[in-house]
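What follows is a set of notes on a single structure, which appears directly below.
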Amino acid sequence: MLNVLLIDDSVVIRKMLKRILAECNFGITEILEAGDGSQALATLETTPVQLMLCDVNMPVMNGLEFLEKVRAHATFSTIPVVMVTTEGGQDSVLKAVELGAKGYIRKPFTPDEVKQKLADCLKLAA
Amino acid sequence: MEVTVIDPNQVKEMAVDLLKRSAAHAFLTMTGMEAVVGEAHPDQPRGTSSRTVAGFIGWVGNWNGTGILECSPEFACKLGNVLLGTSGESLNEDALDAVAEMTNIIFGSMKTELEKDLGTMGLSTPTVVYGNDVGMRSTGEPFTVVPLTIEGFKMWVKLYLIRVEEKRNPLSHFWAGTTTGAL
């Protein structure tokens, strides 16, 4: 089973990532969506997820706050998280890595960049 | 302690250069479409009635600013279709969201580069405005406009950037009065 959770307040980005994931041969079983970190946590409580792609700048609960919550949770802390964001400054990247992000994709991105990053992340998780 | 004095005019020139590169890179990367970038100039009223779709985004820090991506409804539809693999022919939510997201990406990338010299800035959520004869105005200096042409469609990327000290100056006497208890 490979359920992927897309966390971004941009509907367009979620739709684009869904299209890209549909083209990957990773054996993805289900793609779930959340508009912010708080919605994502609610989803995690009800549905098993094996990979997350997460924006940084989101209302209610941003991506770094979400990462902190996930890392502190006994069950969710092992789920790999790849950040997908315009926040590509060194401080943001370092902070995300410190909080346990397994990868970082800067917007704008190409489909190939996303596929490659996810492939690398899933290899590490295996 | 070494203090680096930043010339505001140099910052604004640097921001415009970053914006030109950011806009061209964003469109090419996300859509495969090449943007022809024109010369930057101060914003002027265009004088003709037109249908407009404009994405707005703001940022705050030591420097505050507003960014606008302005295009036609036809280009907004095309952008939505290219990003999402759809074939919509009218201005729908996908087209509007596409303009909002490109605004976020273009100005977010510019902001990330500017932060290396200007310090951390917080970015707002993008908003899209659309309609006929949409006028825009900022207080103080006019926006700097960078015209783009993509596959025959014209659009404008507009930048307003001001140092927080410059913005405070007209009120400086007021603030000095309150801190000394003059009120």
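Residue numbering restarts at 1 for every chain, and letters A, B, ... go by the order of the sequence lines.
- Proximity to chain A is limited to the backbone of V82(B), based on heavy atoms less than 4.5 angstrom apart.
- With hydrogens and angles disregarded, a donor-acceptor distance shorter than 3.5 Å links the side chain of D133(B) to the backbone of S50(B).
- E93(B) does not touch chain A: none of its heavy atoms, backbone or side chain, sits under 4.5 Å away.
- Between F143(B) and Y160(B), the angle of the ring planes lies from 30° to 60°, which puts this pair in the tilted group.
- Listed by chain and number, the residues in a salt bridge (Lys or Arg N to Asp or Glu O under 4.0 Å) with K115(A) are E23(A) (sequence neighbours excluded).
- Interface summary for chain A: among T120(B), T125(B), T112(B), the most heavy-atom pairs under 4.5 angstrom belong to T112(B).
- Among L84(B), D97(B), L28(B), the residue with the largest count of heavy-atom pairs under 4.5 Å with chain A is L84(B).
- A salt bridge does not link E65(A) with K69(A): none of the charged nitrogens is closer than 4.0 Å to a carboxylate oxygen.
- Contact tally against chain A (heavy-atom pairs below 4.5 Å) for G85(B), P126(B), S109(B), A98(B): the top residue is G85(B).
- Looking at K111(B), only its side chain comes within 4.5 Å of chain A, counting heavy atoms on both sides.
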From CA spacing to verdict: side-chain contact (heavy atoms from CB on, under 4.5 Å), V146(B), L159(B): CA-CA 8 Å; V146(B) 174; L159(B) 174 68; over 6 Å; no
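- Taking the charged nitrogens against the carboxylate oxygens, D94(B) and K15(A) do have a contact shorter than 4.0 Å, which makes a salt bridge.
- Across D9(A), V11(A), I13(A), the residue that shares the most heavy-atom pairs under 4.5 angstrom with chain B is I13(A).
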